[in-house]
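Single-structure report; data block below.
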Amino acid sequence: MTERFDPAQADTRWQAAWDEAQSFRADDTSSKPRSYVLEMFPYPSGRIHIGHVRNYTMGDVLARYKRMKGFEVLHPMGWDAFGMPAENAAMEKGVHPGGWTRENIANMKAQLKRLGFALDWSREIATCEPEYYGHEQALFLDLYEHGLVYRKESAVNWDPVDQTVLANEQVIDGRGWRSGALVEKRKLSQWFLKITDFAEELLEGLSTLDKWPEKVRTMQENWIGKSQGLQFRFDLSTGGTVEVYSTRPDTIFGASFVAVAADHPIAQTAATGRKDVQDFIALCKQGGTTAAELETAEKLGFDTGIKARHSFTGAELPVYIANFVLMDYGTGAVMAVPGHDQRDFEFATKYDLPILRVVAASAQEAEKPFDGESEAGDGVLVNSAFLDGMSVAEAKAAVIARAEGEGWGEGKTVWRLRDWGVSRQRYWGTPIPFIHCEVCGVVPVPKKHLPVTLPEDVDFQTPGNPLVRHPTWKHVDCPQCGHAARRETDTLDTFVDSSWYFLRFASQPGDRPFDPAKIAEWLPVEQYIGGIEHAILHLLYARFWTRALARIGKIEVKEPFGSLFTQGMVTHETYFRINDANGQPVYFAPGEVERTSEGATLRADRAPVEVGRVIKMSKSKKNVVDPDEIVATYGADAIRWFMLSDSPPERDLPWSEAGIEGCGRFVQRLWRLFAQHDPAAQGEDKAVDRKVHQTIAAIAGDIESLGFNKAVARIYELTGVIEKAAPSASRSAAIRSLLLLVAPMMPHLAEEAWATVGAGESATLVADAAWPDVDPALLVDDEVTVAVQVKGKLRDTLTVAKGTSKEELEALALASEKVQRALDGAQVRKVIVVPDRLVNVVA
RNA sequence: GCGGGCGUGGCGGAAUGGUAGACGCUGCGGACUUAAAAUCCGCUUGGGAUUCCAGUGCGGGUUCGAGUCCCGCCGCCCGCACCA
């Protein structure tokens with residue numbers, strides 16, 4: 001073996017060897033048990049980001065480990081290739097979205113290959129190719145046939161200057177990002193998927209996902225938001241009624257006004273011939289459509305002059321038009337209870353409306369004033385006639401029972417979850433396979449005409465959807481009546497693409513989306529790994545899509561991801577100087593900066609720069625590092641090792657130059673140790689044997705629970721033990737085991753060393769070698785260290801045989817000089833003994 | 001605003017309610033070397049000076065014993081339905 005490990009040549013050599021042997025190709029016909037390891041596929045932005053490296057390294061270690069444990073592993077990769085950045089590039093640089101995307105994919109694929117990931121590239125998918133999205137169109141039509149797709153009006157962000165629909169992220173402070181114009185809400189007829197039909201199922205399914213993080217399940221549960229409430233009617237002074245919904249019918253006696261959405265029929269009626277009302281409604285239409293924006297915007301209202309008659313008290317409640325009430329939510333009208341709802345409280349304060357207390361900590365506090373905010377907590381009902389003295393839950397039930405008995409309302413389950421709007425007024429997405437015919441209405445494209453492909457000749461020089469402007473693409477004949485008709489020009493939300501790609505990975509016939517038998521073999525995904533930012537939307541949509549396909553009989557599996565892991569971000573320090581002219585920071589890249597223990601200086605002028613906070617790597621803050629450069633300098637194994645070291649995988653990982661250097665050093669340290677493998681060495685070293693077997697067992701557990709940082713720490717520990725041990729057969733066996741333990745993490749180093757260490761063994765590639773066996777007899781130590789405390793404070797330790805009796809431990813502890821000194825003659829009241837762990841003497 | 005999470009040395013972190021700081025990074029000291037690199041060894045929570053005190057964001061509580069459990073704060077991060 002050479003003196004130094006040379007990653008530059010070893011990396012490419014072993015990557016080629018794996019390719020040639022097709023080591024990581026998943027075999028559908030294998031008799032081995034299956035394991036499907038999947039990481040969230042990337043958007044092809046152009047370059048692999050260090051966060052991808054972390055994500056894919058984790059999956060790779062698990063996939064390689066599973067192979068060593070004898071599983072047939074499916075570990076595929078693909079590209080979430082539709083989306084806005086390609087269109088932005090087209091507008092800014094005049095390149096075609098398709099060309100731009102495909103070039104990015106080629107670059108990123110080469111980058112991934114340089115990292116040595118054990119991926120089955122024969123199953124690579126790009127969602128922007130008709131071979132993928134054509135099947136998606138077929139599935140969309142299947143859902144349509146089963147009544148799970150429909151059209152309705154829904155609001156979008158409209159840029160009145162660019163005459164285009166904006167994504168939420170394109171709206172900055174209520175203005176269009178390019179035009180700077182004030183954004184308006186505009187209603188368009190759009191396509192929806194009936195995810196609400198699955199609300200109950202999706203909620204109940206969460207309880208089966210015991211290998212998902214608790215926090216993700218909680219977030220989804222809250223998102224689905226099942227609530228039991230009362231839908232009821234108030235009589236209006238203008239005649240007729242207003243239908244309202246409340247999840248807190250118990251607080252009905254605290255209602256002091258009624259608020260309706262700006263596009264509620266009552267508001268619309270009130271606006272006829274009233275300029276002031278029309279102006280207010282127009283004001284409500286300003287601004288974006290996001291929940292955060294709506295809820296943080298100043299609460300505005302307009303008193304219509306209409307009164308609603310309170311069902312119990314007969315009080316006349318003013319009816320306001322309010323900007324914080326949403327038409328798509330419940331009935332678009334609410335009974336406002338300022339005392340027990342914060343939004344209502346702010347509104348009431350602003351418009352000087354009564355704030356009544358109907359829930360209090362106790363009956364004695366019925367008249368207690370509010371302390372500047374509403375009180376949403378539990379308590380006892382007060383000032384509420386027949387409800388007085390009840391708990392919130394009892395009062396809810398009582399009000400619902402009364403309303404139903406008297407016929408003015410009914411208990412109703414309402415979900416926060418809304419149907420999924422999938423229409424996008426954009427080019428770079430899956431065309432929605434429908435045709436609009438003046439005679440026949442909305443007609444699905446016959447499946448035999450799929451895929452509906454995107455036209456290539458499009459122009460991005462004008463804002464708006466190029467599909468609408470295209471001279472010929474949208475003009476087709478109606479498939480039913482043959483008359484001239486128009487294609488749907490909306491494309492699908494890219495979340496649809498990522499809602500079934502894991503199925504296509506498992507099976508990819510040419511003539512249909514997948515083969516259900518193959519899906520049954522591979523699914524559910526054993527381990528899914530990705531960012532916490534996908535905790536709700538992507539994961540909920542993928543669960544929905546899977547259940548929808550199961551309901552219409554396409555597949556059997558109901559939950560796509562058996563186990564989920566959400567990894568943290570990769571972060572880095574920021575370096576900047578404040579620009580004197582405008583007070584804004586000017587950022588510098590890590591490569592431009594010399595870091596010292598005291599601070600940092602700019603290489604260019606040797607003058608200091610500020611060291612800013614450690615934050616998520618982002619181009620705008622320039623705190624990014626390029627994985628390719630790291631691989632070129634330190635090799636793939638060093639960057640992989642860094643990704644696994646130190647930080648728990650679910651937490652953020654701060655990148656540091658010193659850290660990667662340390663990883664590079666450790667690769668060489670292992671190489672030197674592997675070179676000491678001596679098959680002829682004789683003699684047994686029980687301590688080394690024990691350490692090795694304990695480490696093998698522990699690391700297997702660490703990898704299976706994705707505790708990579710712990711596995712790394714154990715490898716450091718074992719390395720230290722082997723280095724210090726005298727030569728023996730045990731030591732040589734330990735070196736061989738260590739090599740196998742690091743093989744999933746540092747596969748190139750492991751292959752290079754295996755050529756020597758594993759010479760003559762059946763597996764010629766370490767990629768095909770088996771995980772080392774554990775001798776259970778070697779897992780237990782025969783001696784243990786027991787802590788001795790006096791009144792909970794450590795005073796001594798005892799080294800005793802494992803299993804020493806309670807009585808003996810107590811005697812030994814009391815005999816300790818240190819214990820006696822700490823007791824200082826005090827009377828021993830009690831001795832707590834936990835065998836093999838500790839003795840606590842209580843005085 | 002609403003929902004979810006996190007908080008331990010100079011830094012990343014470890015610790016089934018049972019010895020807080022494993023392991024790594026940095027820094028400092030030493031060995032080897034003509035020298036450097038590489039490598040190896042030691043020290044590295046604070047205070048007090050020998051075996052003591054304090055300490056896991058802050059304030060309370062439960063317990064023989066709390067980083068871990070409970071209550072109330074503070075700070076930071078993620079998501080909020082058209083970013084992916």
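Only this structure's heavy atoms are used, side chains among them; waters, hydrogens and symmetry mates stay out. Numbers restart at 1 for each chain; the letters A, B, ... are given by sequence-line order, proteins then strands.
- For A:Y43, whose side chain is taken as the heavy atoms from C-beta onward, the closest listed nucleotide among B:A84, B:C78, B:A22 is B:A84.
- Checking B:G1 for Watson-Crick or G-U wobble geometry (two distances, each under 3.5 Å) identifies B:C80 as its partner.
- Here the side chain of A:M219 is nearest to one of B:U19, B:G4, B:C25, namely B:G4.
- Counting any heavy atom pair closer than 4.0 Å across all strands shown, A:S423 reaches a base atom.
- Between B:U26, B:A81, B:C23, one nucleotide has an atom nearer to the side chain of A:A658 than all others, and that is B:U26.
- Nearest nucleotide to the side chain of A:R672, out of B:A84, B:U39, B:G13: B:U39.
- Taking only side-chain nitrogens and oxygens, A:K793 comes nearer than 4.0 Å to OP1 or OP2 of B:A54.
- Residue A:E346 is out of contact with every strand shown, counting any heavy-atom pair closer than 4.0 Å.
- Residues A:E810 and A:K806 are not paired through a salt bridge, judged by the lack of any N-O separation under 4.0 Å between the basic side chain and the carboxylate.
- When the side-chain nitrogen and oxygen atoms of A:K215 are compared with OP1 and OP2 of B:G79, none of them lie within a distance under 4.0 Å.
- Remark: B:C23 base-pairs with B:G12; criterion is Watson-Crick or G-U wobble with both hydrogen-bond distances under 3.5 Å.
- Note on A:K194 versus A:D419: no salt bridge recorded, every NZ/NE/NH1/NH2 to OD/OE distance being 4.0 Å or above.
- The base of B:G12 lies close enough to the side chain of A:D646 for a donor and an acceptor atom to sit less than 3.5 Å apart.
- In this structure, A:Q190 reaches the bases: a heavy-atom distance under 4.0 Å links it to at least one base atom across the strands shown.
- The 12-atom threshold is not exceeded at CG of A:D173, counting heavy atoms of other residues, nucleotides or ligands nearer than 6.0 Å.
- Taking only side-chain atoms of A:K724, from C-beta outward, the nucleotide of B:U19, B:C41, B:A15 with the closest atom is B:C41.
- The residue among A:Y716 and A:R343 whose nearest nucleotide of RNA chain B is located toward the 5' end is A:R343.
- One finds a side-chain N or O of A:T494 lying less than 4.0 angstrom from the OP1 or OP2 phosphate oxygen of B:A84.
- Minimum atom distance to the side chain of A:S647 is reached by B:G13, of the listed B:U19, B:G13, B:A84.
- Distances from the side chain of A:V834 to the nucleotides B:G18, B:C41, B:C53 place B:G18 closest.
- Under the 3.5 Å distance criterion, with hydrogens and angles disregarded, a donor-acceptor pair is assigned to the side chains of A:R151 and A:S189.
- Distances from the side chain of A:L794 to the nucleotides B:A81, B:A20, B:C53 place B:A20 closest.
- Nucleotide B:C6 is matched to B:G75 when pairs are restricted to Watson-Crick or G-U wobble geometry with both distances under 3.5 angstrom.
- A sub-4.0 Å separation between OP1 or OP2 of B:A81 and a side-chain N or O of A:N168 is present.
- A:P213 comes within 4.0 angstrom of nothing in the nucleic acid, heavy atoms only.
- Of all nucleotides listed (B:A81, B:U19, B:A22), B:U19 comes nearest to the side chain of A:T785.
- For the pair A:N709 and B:A14, the criterion of a side-chain N or O lying under 4.0 Å from OP1 or OP2 is met.
- Of the candidates B:U51, B:A15, B:A84, B:U51 carries the atom nearest the A:R821 side chain, counting heavy atoms from C-beta on.
- B:C69 is paired with B:G61 under the criterion used here, namely a Watson-Crick or G-U wobble arrangement in which both key atom distances are under 3.5 Å.
- Within the nucleic acid shown, A:S498 has no heavy atom closer than 4.0 Å to any nucleic acid atom.
- With A:F41 as the partner, the ring-ring contact (aromatic ring centres under 6.0 Å, His included) test is satisfied by one option alone out of A:W79, A:Y56, A:Y501, A:Y528: A:Y501.
- Residue contacts for A:N222: at a heavy-atom cut-off of 4.0 Å it reaches the sugar-phosphate backbone alone, with no base atom in range.
- A ring-centre distance under 6.0 Å is found for A:Y716 and A:W641.
- Residue A:R424 places none of its side-chain N or O atoms closer than 4.0 Å to OP1 or OP2 of B:A81.
- Nucleic acid contact class of A:Q789 (heavy atoms, under 4.0 Å, all strands): base.
- Remark: A:R651 is in phosphate contact with B:G7, judged by side-chain N or O atoms under 4.0 Å from OP1 or OP2.
- Taking the six-membered ring for Trp and the full ring otherwise, the centers of A:F674 and A:F5 sit at least 6.0 Å from each other.
- Pairing for B:A54 goes to B:U45, judged as Watson-Crick or G-U wobble with the two contacts each under 3.5 Å.
- Regarding contacts with the backbone of B:C52, a side-chain N or O of A:R795 is found under 4.0 angstrom from either OP1 or OP2.
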